[in-house]
Engineer: 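Below are the structure tokens for one structure; questions will follow.
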Amino acid sequence: MVNYICFLPRFTMRISRYIPILSFFLFLSCNKDKSGKNGNDTNDTVLLADKYEVSFPKLSSKFTSENRAYVENFYNKHYNPKDFSGGFLVAKNGQIIYENYSGYAYKEKDDKITADKPIHIASVSKMLTAVCILKLAEEGDIELDKSVKTYLPTFPHEETSVRMLLNHRSGLRNYAYFTDDKGVWDKKKTLTNQDVLDLLATKPIGLESKPGTRFGYCNTNYALLALIIEKVTGKKYAAAMNEMIFEPLGMKNTFVFDNLEKKDEVSQSYKNNYLRLAFEFLDEVYGDKNIYSTPRDLLKFETATYSDAFLSKKMKAEMFKGYSYETKGQRNYGLGIRMMEFETGQKYFFHNGWWHGNTSSLVTLRKENVTIISLSNKYTHKTYQTKKLAPHFGDYPFKFKDAVIGAE
């Protein structure tokens, strides 16, 4: 008879030699995707910064290649790189699919726009200001439903809350308009954020509507939010934004412009025929505008908004919901973000901007993790063509007069 008890140890030792090899092949087999490619192409993590990591599947080379060709065709049709002055970028899962840079940051100096050249992002600045406020709220330094007077004691309207500034329901008048009123401001003098507050406190500016009753887009709201940031942090807005957003996210080509004496050191803005536009007395007010950045840096910021370590789920829920339902329609506004809410339940989030010759657009398709960014410093409506890319990546029921390239 065979002595099975003696044979078993020898058999086990022989089999154990092959376990590492078998495990290796089993690992490869389990990590192949449906197309047969190694799973390492689809299961990586986007490392955003030392403090913030966002876990997204890595795009396959096939997906990237096919969509790069689609977006490039779209860009060439709608933007015309020979005429467009600015930057354009499309990304999914924090990974760039396509980008293009053309034109001049400062034509008179032959300073061309590149991936690292900051240009004025106009009202897209509001998104960054809003996130800074939300982070301070998260830390307990600000309460969104407290009166603005809690932080800015000279502010004249007790019933106006911080949240109403964020979602444009304050009823305030735009400082760019009320400074035109007789006797309100000498346009030979540069206006500052503090001046905006002082004018509201000392002049008969009045309100457009009762606070909290309706939506009314107004730059004054975000000029005041910048002052609140300064009040609670004890730092200038530029320093607070650097410390809380730009530096942690590695946004090395992003800054706040708050000194007209340095106007020749930054990218300029132009009419559509490259006639350079002069800076004016409103060009030192920040929070609503006056952030200079690049598409790549804005991608870092937008990707960070998916990180619960950067902005909590609670604050994201506050940011990405509508607040204005007094009239029917798809358009709405969250906290620092525009949106369109469709009957299908799909939501389209974006923010556009315009200041002098600068136009801007940042689209964040939250369901698909897609980012579309377009910035220009030579006046054009082409910047806002970003919306036309949304149906390619998700179920967005937009209807356009001209067909989107390749749309089914």
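The structure presented is a predicted model; accordingly, all values stated were derived computationally and were not measured. Residue numbers count from 1 along this sequence.
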Engineer: Do F350 and T386 have side chains that approach each other closer than 4.5 Å (heavy atoms only, starting at C-beta)?
Structural biologist: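 No, every pair of side-chain atoms sits at 4.5 Å or beyond.
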Engineer: With a sphere of 6.0 Å drawn around NZ of K109, does it hold more than 12 non-hydrogen atoms of other residues, nucleotides or ligands?
Structural biologist: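 Counting neighbours around NZ of K109, more than 12 heavy atoms of other residues, nucleotides or ligands fall under 6.0 Å, so yes.
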Engineer: Checking D395 now: which residues fulfil salt bridge (Lys or Arg N to Asp or Glu O under 4.0 Å) with it, not counting sequence neighbours?
Structural biologist: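 None.
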Engineer: Report yes if the distance between the aromatic ring centroids of Y98 and F74 is under 6.0 Å, otherwise no.
Structural biologist: no
Engineer: Could you list the residues that satisfy side chain to side chain contact (heavy atoms under 4.5 Å, CB included) with E108, not counting sequence neighbours?
Structural biologist: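 Once residues adjacent in sequence are excluded, the partners of E108 under the side chain to side chain contact (heavy atoms under 4.5 Å, CB included) criterion are Y106, Y270, R276.
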Engineer: Does the plane of the ring in F349 sit parallel, tilted or perpendicular to the ring in F320? Use 30° and 60° as the thresholds.
Structural biologist: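 Geometry flag for F320 against F349: perpendicular rings.
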Engineer: Which residues pass the ring-ring contact (aromatic ring centres under 6.0 Å, His included) test with Y101, not counting sequence neighbours?
Structural biologist: none
Engineer: For K117, check salt bridge (Lys or Arg N to Asp or Glu O under 4.0 Å) against everything at least two apart and list the hits.
Structural biologist: D111
Engineer: For E139, does the CD atom sit with more than 12 other heavy atoms under 6.0 Å from it, leaving out its own atoms?
Structural biologist: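 Above 12, so yes.
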Engineer: Under 3.5 Å, which donor-acceptor pairs link side chains of residues 196-206 to any protein atom two or more places apart or in another chain?
Structural biologist:
| unit_1 | atom_1 | unit_2 | atom_2 | d |
| --- | --- | --- | --- | --- |
| D198 | OD1 | Q194 | NE2 | 2.9 |
| T202 | OG1 | D198 | O | 2.7 |
| K203 | NZ | G183 | O | 3.3 |

Engineer: When rounded to the nearest 0.5 angstrom, what is the spacing between CG in N193 and CG in L224?
Structural biologist: 8.0 Å
Engineer: What pairs with H356 under ring-ring contact (aromatic ring centres under 6.0 Å, His included), at least two apart in sequence or on another chain?
Structural biologist: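 None.
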Engineer: Please, which pairs that meet side-chain hydrogen bond (donor to acceptor under 3.5 Å, both in side chains) have at least one residue in residues 220-232, sequence neighbours excluded?
Structural biologist: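 Qualifying pairs: H168-N221, S170-N221, E230-Y286.
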Engineer: Output all residues satisfying salt bridge (Lys or Arg N to Asp or Glu O under 4.0 Å) with E243, sequence neighbours left out; order by chain, then residue number.
Structural biologist: K235
Engineer: Under the salt bridge (Lys or Arg N to Asp or Glu O under 4.0 Å) rule, collect the residues that match up with K378, sequence neighbours excluded.
Structural biologist: D83
Engineer: With sequence neighbours left out, write down each residue that passes ring-ring contact (aromatic ring centres under 6.0 Å, His included) with F398, or none if nothing qualifies.
Structural biologist: F342, Y348, F400
Engineer: Can you run down the side-chain hydrogen bond (donor to acceptor under 3.5 Å, both in side chains) pairs that involve residues 125-136, sequence neighbours left out, and say none if there aren't any?
Structural biologist: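 Those involving residues 125-136 are S123-K126, K126-Y217, K126-N219, T129-Y237.
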Engineer: Aromatic rings Y79 and F88: how do their planes relate, parallel, tilted or perpendicular, breaks at 30° and 60°?
Structural biologist: tilted
Engineer: Do any pairs count as a salt bridge (Lys or Arg N to Asp or Glu O under 4.0 Å) and have a residue in residues 158-170, sequence neighbours left out, and if so which ones?
Structural biologist: D145-R163, R163-E318, R169-E326
